[in-house]
2 protein chains.
Amino acid sequence: MERNTQQRQAILNAFDKAERPLSIQEILELAQDDCPGLGIATIYRNIKALVGDNKLISVEMPGGVAYYETPGHKHHHHFSCTNCQKVFDVEKCGLNIKTLVPDGFTLERHEILLYGTCGSCSR
Amino acid sequence: MERNTQQRQAILNAFDKAERPLSIQEILELAQDDCPGLGIATIYRNIKALVGDNKLISVEMPGGVAYYETPGHKHHHHFSCTNCQKVFDVEKCGLNIKTLVPDGFTLERHEILLYGTCGSCSR
DNA sequence: ATAGGTGCAAACAGTTTGCATGTAT
DNA sequence: ATACATGCAAACTGTTTGCACCTAT
């Protein structure tokens with residue numbers, strides 16, 4: 001992943017436009033606005049390379065759908081709208097997760113998933 | 001889902017034996033001990049029916065793999081071992097999740113996923 | 001006896017890969 | 001010029017479905 005192709009630009013631009021975690025399908029649709037004809041295989045290849053380079057982070061949400069977001073945010077979690085299926089960042093954390101870990105287990109990381117309806121869908 | 005078939009017995013028995021959330025593949029392997037020749041389609045059909053009847057609950061874990069567990073536990077969360085891939089219940093919760101929800105969003109439920117190594121793999 | 005369940009194989013959906021062509025350097 | 005990236009189509013993997021046969025009731 002070294003060249004600066006139109007396709008790769010369009011993919012990164014999708015994240016700038018959206019400002020929230022995106023699924024593969026969402027990335028495809030947004031990036032095709034900039035780059036018609038962009039193929040799904042190119043999305044998968046670029047996303048995999050970008051995740052490998054730590055230029056994107058994957059957020060695996062239930063339902064078997066992976067979302068991706070740009071790194072550099074501070075520690076945060078995710079809210080999944082059960083109506084529109086969009087995923088949003090939740091900036092706060094501050095919970096004492098360590099109290100949950102069973103004896104003998106070693107905690108590496110944690111994820112908190114919130115489900116409900118987002119601002120637009122709650123109205 | 002009304003009949004009490006050998007296959008269905010073997011599937012439910014797998015959960016009794018395991019006492020932890022199981023993936024489709026884990027269910028298949030355990031249930032085939034009791035019922036050789038059991039087909040994967042039967043697992044999917046039974047699991048879907050049992051979840052529909054609230055006789056099983058699905059726990060969607062990252063990586064696109066769904067786990068299933070018996071209901072009736074109190075509110076709890078899950079620990080996923082990054083070494084052996086097994087999923088364990090975490091009985092405690094008691095965190096104040098509501099403080100995380102953004103303004104205008106409506107929270108329906110939450111899931112906390114812990115990742116690390118389990119008791120056996122930490123040794 | 002018969003409605004519902006099973007196993008197999010085919011169908012599907014999402015993801016990955018091989019290959020000839022295109023393009024950024 | 002050339003090595004890397006793309007688009008297409010084929011291959012794969014996990015899940016679902018159609019259908020003839022089987023079995024619990």
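Computed from a prediction, not measured in an experiment: that's the story for all the values here. Residue numbers start from 1 in every chain, and the chains themselves are labelled A, B, ... in the order their sequence lines are given, proteins ahead of strands.
At whole-Å resolution of the value, CD1 in A:Ile43 and C1' in D:dC8 are 15 Å apart. Summarising the geometry, the separation between CG on A:Leu12 and C1' on D:dA5 is reported as 15 Å, rounded to the nearest angstrom. For A:Ile47 and C:dG14, the CD1 to C1' distance is 15 Å, given to the nearest whole Å. Atom CG of B:Asn46 and atom P of C:dG4 are 15 Å apart (whole Å). Following rounding to the nearest Å, B:Tyr67 (OH) and D:dG14 (P) show an atom-to-atom distance of 13 Å. Rounded to an integer number of Å, the gap from CG of B:Asp53 to P of C:dG4 is 14 Å. Taking atom CD1 on B:Ile24 and atom C1' on D:dT16, their separation rounds to 12 Å, with Å as the unit. Atoms CG (A:Leu50) and P (D:dA5) sit 11 Å apart, rounded to a whole Å.
Other residues sharing the hydrophobic cluster of B:Tyr67, ordered by chain and number and joined by side-chain separations under 4.5 Å: A:Val59, A:Met61, A:Val65, A:Tyr67, A:Val87, A:Leu113, A:Tyr115, B:Val59, B:Met61, B:Val65, B:Val87, B:Leu113, B:Tyr115.
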Could you list all N or O pairs between the protein and nucleotides 23-25 of chain C that sit under 3.5 Å apart?
unit_1	atom_1	unit_2	atom_2	d
C:dT23	O2	A:Arg3	NH1	2.8

Distances under 3.5 Å only, N/O to N/O: pair up the protein atoms with those of nucleotides 16-19 of chain C.
unit_1	atom_1	unit_2	atom_2	d
C:dT16	OP1	A:Lys48	NZ	3.4
C:dG18	O6	A:Arg45	NH1	3.2

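Residues satisfying the ring pair (Phe, Tyr, Trp, His ring centres under 6.0 Å) criterion with B:His73, sequence neighbours excluded, are B:His76. Scored by the side chain to side chain donor-acceptor pair (under 3.5 Å) test, A:Asp34 finds A:Asn13 as partners (sequence neighbours excluded). Every side chain to side chain donor-acceptor pair (under 3.5 Å) that A:Glu108 has, sequence neighbours left out, goes to B:Thr82. By the side chain to side chain donor-acceptor pair (under 3.5 Å) test, A:Gln9 pairs with A:Asn4, sequence neighbours left out. Remark: A:Gln25 engages no residue in a side chain to side chain donor-acceptor pair (under 3.5 Å) (not counting sequence neighbours). Applying the salt bridge (Lys or Arg N to Asp or Glu O under 4.0 Å) criterion to A:Asp89, with sequence neighbours excluded, gives no partner residue.
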Donor-acceptor pairs are to be reported for all side-chain atoms of residues 98-106 of chain B against protein atoms at under 3.5 Å, with residues two or more places apart or in another chain.
unit_1	atom_1	unit_2	atom_2	d
B:Thr99	OG1	B:Asn96	O	2.9
B:Thr106	OG1	A:Ser122	OG	2.9

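A donor atom on one side chain and an acceptor atom on the other are found under 3.5 Å apart for B:His78 and B:Glu69.
Contacts of residues 25-36 of chain A with DNA chain D (heavy atom under 4.0 Å): none.
Checked against a 6.0 Å centroid threshold, the rings of A:His75 and A:His110 count as neighbours.
Pairs passing the salt bridge (Lys or Arg N to Asp or Glu O under 4.0 Å) check and including a residue from residues 18-30 of chain A, sequence neighbours excluded, read A:Arg20-A:Glu26.
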